*Asks:* 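Let me give you the structure first, and then I'll get to my questions.
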Amino acid sequence: MPVFKAPRGTRDILPEEACYWDWVTSVSKNLCRNYGYGRIETPMFEATGLFSRGVGEGTDIVEKEMYTFEDRGGSSLTLRPEGTAPVCRAYIEHGMASLPQPVRVYYLAPAFRYERPQAGRMRQHHQFGCEVIGDASALIDAEVISLAWQFFEKLGLRKLTLKLNSIGCDKCRPGYIETLKAYYEPRIEKLCDDCAVRMKKNPLRLLDCKESACQYMADNAPRSADCLCPECLEHFNSLKGYLDLAGLEYDVTHRLVRGLDYYTRTVFEIQPESTGSQSTIGGGGRYDRLIEQIGGRPTPAIGFAAGIERIILNLKDQNVCVPGTGSARILIAHTGEEARSEAFSVYSALQCSGIGAIIGAEGKSLKAQLRQANNLDMKMVVIIGPEEMEEEAVVVRDLETGTQKKIDRRLLADALSAFRINISG
RNA sequence: GUGAGUGUAGCCCAGUGGUCUAAGGCGCCAGGUUGUGGCCCUGGAGAUCGAGGGUUCAAAUCCCUCCACUCACCCCA
């Protein structure tokens with residue numbers, strides 16, 4: 001018999017960790033409601049071409065990280081490696097261009113990338129993301145960035161920094177890349193092996209090399225923000241103005257570039273102080289060309305995504321208290337066959353009136369049932385045995401004080417309320 | 001895809017060739033109170049020692065391969 005394990009890079013979310021997931025999802029939903037974002041969920045897989053065209057042929061995601069397979073009908077499909085391209089596909093497919101613009105949506109969804117797993121890096125991970133489609137203004141950039149920041153604030157995460165940059169548009173970026181190449185060309189001998197490859201393949205990525213020799217060169221390299229065309233410069237400046245108005249602190253990090261090809265103008269990342277080598281818990285940027293690249297009319301847009309597993313790592317790291325997951329706090333114990341049936345009736349009645357409870361295990365001693373109640377952190381035990389059957393009564397025992405009293409069966413629901421049972425706590 | 005480290009019950013771990021039919025702690029189950037939890041005492045269940053192969057009279061222990069986890073690189077959430 002083979003022993004089955006969760007596949008590499010995947011993880012079970014167990015009940016003991018569920019409170020963190022509930023916390024992250026409830027914060028994100030409440031926040032999005034306040035910001036006027038509607039929920040969207042796209043399929044877990046899409047036509048492969050959506051990603052190769054949208055994310056970019058040359059990116060690591062497309063080149064070596066996608067879960068691509070052929071279905072029985074011969075179509076090439078890919079497990080969603082990121083959330084933005086599918087949302088744009090849905091925007092086009094459902095004619096959302098004819099809704100009032102911009103369209104604001106958010107999602108909570110798994111993403112799949114075939115990578116070497118590490119702490120904070122899974123083959124299946126979950127993202128909270130939001131996208132605003134159909135508005136090119138810097139005001140919307142500021143909105144998305146402040147939503148992202150608020151999200152982490154409300155979660156209770158501290159010691160985060162917001163990194164911001166502008167990488168220009170189709171008009172000014174080619175010129176910037178030439179400037180960058182011209183800067184690196186005479187220094188090519190000093191570059192590390194990886195950077196020699198980047199020089200040819202994706203010069204922008206030269207900027208975020210971690211080799212110390214390259215770092216120095218990157219620090220002193222020409223900055224994209226200094227090479228922006230007038231429109232991009234204006235956009236970047238007004239964004240910074242809005243962020244100042246919102247009281248958001250940001251570091252303009254000229255070496256911030258991102259690994260997906262579709263970004264234009266604004267890019268940003270939110271980084272925790274440090275959790276291993278995973279330095280980003282959320283990031284995003286503007287992607288004004290993506291929608292036309294996948295077949296829509298030219299439509300500006302901006303988005304943001306955060307990794308839920310990484311958020312949870314940081315919540316634990318920072319000892320953030322999250323609300324407990326609501327759970328039954330009453331156990332109905334019973335001894336004897338007759339009492340068992342009665343216990344089940346009581347149990348059903350409580351459930352019907354919305355009072356959470358669990359029923360004691362059949363065939364276990366009263367002692368065992370009480371021990372179980374204690375181990376499960378129950379607040380209250382209702383005891384029904386032959387004696388109570390005789391008297392049409394039940395015993396209600398408060399496990400915290402150790403006191404109990406016998407009451408008339410019909411008064412049970414009232415009595416439980418009188419004990420101020422907190423069934424959610 | 002590259003490099004390094006680790007792998008003994010649900011969890012933490014002892015054990016570095018024979019005394020290991022693998023020890024201890026937490027947790028779980030049960031008894032001590034034949035209708036009462038927590039503390040205490042006692043007992044029990046639970047391990048093909050990550051998997052497969054090899055060396056040896058003898059392997060948890062040495063060697064090889066694979067798998068997984070962790071860390072770093074790469075990249076990203």
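This structure is a prediction, so every number in the text was calculated from the model and none was measured.
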*Asks:* Please confirm whether A:Arg123 makes a cation-pi placement over A:Tyr114, using NZ or CZ under 6.0 Å from the six-membered ring centre and within 45° of the ring normal.
*Replies:*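 Checked: cation-pi criterion met.
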
*Asks:* So for atom CZ, which belongs to A:Phe45, do other residues, nucleotides or ligands contribute more than 12 heavy atoms lying within a distance under 6.0 Å?
*Replies:*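 Counting neighbours around CZ of A:Phe45, 12 or fewer heavy atoms of other residues, nucleotides or ligands fall under 6.0 Å, so no.
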
*Asks:* Contact class for A:Arg198 vs. all strands (heavy atom < 4.0 Å): base, sugar-phosphate, or nothing?
*Replies:*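 Sugar-phosphate, backbone atoms only, no base.
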
*Asks:* Ring of A:His126 versus six-membered ring of B:A77: centres under 5.5 Å and planes under 30°?
*Replies:*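 No, A:His126 does not stack on the base of B:A77, since the centre distance and plane angle fail the 5.5 Å and 30° test.
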
*Asks:* Is a donor-acceptor pair below 3.5 Å formed from side chain A:Gln118 to base B:U70, judging by atom type as modelled?
*Replies:*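 Side chain to base: no pair present.
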
*Asks:* Under a plain distance cut-off of 3.5 Å, with no hydrogens placed, do A:Thr253 and A:Asp251 share a side-chain donor-acceptor pair?
*Replies:*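 Note: A:Asp251 and A:Thr253 side chains miss the donor-acceptor criterion.
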
*Asks:* Looking for any heavy atom pair under 4.0 Å, which part of the strands does A:Gly129 touch: base, sugar-phosphate only, or nothing?
*Replies:*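 Since no nucleic acid heavy atom lies under 4.0 Å of A:Gly129, the category is nothing.
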
*Asks:* Heavy atoms only, 4.0 Å cut-off, all strands: where does A:Glu388 land among base, sugar-phosphate and nothing?
*Replies:*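 Contact class for A:Glu388: base.
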
*Asks:* Is A:Ala368 touching bases, backbone alone, or none of the nucleic acid, heavy atoms closer than 4.0 Å?
*Replies:*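 Result for A:Ala368 = sugar-phosphate.
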
*Asks:* Remember a base hit wins even if backbone is also touched, and classify A:Ile281 as base, sugar-phosphate or nothing at under 4.0 Å, heavy atoms.
*Replies:*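 Sugar-phosphate contact only - A:Ile281 comes under 4.0 Å of backbone atoms but never of a base.
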
*Asks:* Would you mind checking if A:Lys316 and A:Glu17 are paired as a salt bridge, meaning a charged N to carboxylate O distance below 4.0 Å?
*Replies:*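 Here A:Glu17 pairs with A:Lys316 in a salt bridge, since their nearest N and O are under 4.0 Å apart.
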
*Asks:* With a non-hydrogen cut-off below 4.0 angstrom, is A:Glu309 in contact with a base, only sugar-phosphate, or nothing?
*Replies:*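 Since no nucleic acid heavy atom lies under 4.0 Å of A:Glu309, the category is nothing.
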
*Asks:* Using atom P of each nucleotide, how far apart are B:G46 and B:A4 to the nearest Å?
*Replies:*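 To the nearest whole Å, 40 Å.
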
*Asks:* When you compare B:G52 with B:C57, how far apart are their P atoms, in angstrom units rounded to a whole number?
*Replies:*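 Comparing P positions in B:G52 and B:C57 gives a spacing of 23 Å.
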
*Asks:* With the side chain of A:Arg116 defined as its heavy atoms from C-beta on, choose the nearest nucleotide among B:G31, B:U36, B:G3.
*Replies:*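 Between B:G31, B:U36, B:G3, the one nearest the side chain of A:Arg116 would be B:G3.
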
*Asks:* Got more than 12 heavy atoms from elsewhere within 6.0 Å of OH, A:Tyr35?
*Replies:*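 It does: A:Tyr35 OH has more than 12 such atoms within range.
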
*Asks:* If you go through the side-chain atoms of A:Arg121, does one of them form a donor-acceptor pair with the base of B:C74 closer than 3.5 Å?
*Replies:*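 Side chain to base: pair present.
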
*Asks:* Reckon A:Lys364 touches a base, only the sugar-phosphate, or nothing at all at heavy-atom distances under 4.0 Å?
*Replies:*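 Sugar-phosphate contact only.
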
*Asks:* Could you state the CZ-P distance from A:Arg310 to B:C75, rounded to the nearest angstrom?
*Replies:*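 Roughly 13 Å, once rounded to whole Å.
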
*Asks:* Under 3.5 Å, is there any donor-acceptor pair linking the side chain of A:Asn374 to the base of B:G38?
*Replies:*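 For A:Asn374, whose side chain was compared with the base of B:G38, there is no donor-acceptor pair (under 3.5 Å).
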
*Asks:* Could you tell me whether A:Gly9 contacts a base, only the sugar-phosphate backbone, or nothing, with contacts defined as non-hydrogen atoms closer than 4.0 Å?
*Replies:*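 Counting heavy atoms under 4.0 Å across all strands, the contact made by A:Gly9 is with sugar-phosphate only.
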
*Asks:* Answer yes when A:Arg80 and A:Glu46 have at least one side-chain N-carboxylate O distance shorter than 4.0 Å, and no when they do not.
*Replies:*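 No salt bridge links A:Arg80 with A:Glu46.
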
*Asks:* Any N or O donor-acceptor pair under 3.5 Å from the base of B:G32 to the side chain of A:Lys367?
*Replies:*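 When only heavy-atom distances are counted, A:Lys367 does reach the base of B:G32 through a donor-acceptor pair under 3.5 Å.
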
*Asks:* Would you indicate what A:Met122 reaches in the nucleic acid, counting non-hydrogen atoms under 4.0 angstrom: base, sugar-phosphate, or nothing?
*Replies:*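 Here A:Met122 touches the bases of the nucleic acid.
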
*Asks:* Specify the separation, in whole Å, of atom CG of A:Asp261 and atom C1' of B:C75.
*Replies:*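 Distance, rounded to whole Å: 13 Å.
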
*Asks:* Taking donor-acceptor contacts at under 3.5 Å, does the side chain of A:Arg397 reach the base of B:G37?
*Replies:*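 Per atom types, the contact qualifies.
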
*Asks:* Regarding A:Glu387, tell me which of base, sugar-phosphate or nothing describes its non-hydrogen contacts under 4.0 Å with the strands shown.
*Replies:*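 Base, at least one base heavy atom under 4.0 Å.
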
*Asks:* Contact class for A:Ile383 vs. all strands (heavy atom < 4.0 Å): base, sugar-phosphate, or nothing?
*Replies:*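 The answer is base, as A:Ile383 lies within the cut-off (heavy atoms under 4.0 Å) of a base atom.
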
*Asks:* Tell me what A:Glu65 touches on the nucleic acid: a base, only sugar-phosphate, or nothing, going by heavy atoms under 4.0 Å.
*Replies:*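 Contact class for A:Glu65: sugar-phosphate only.
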
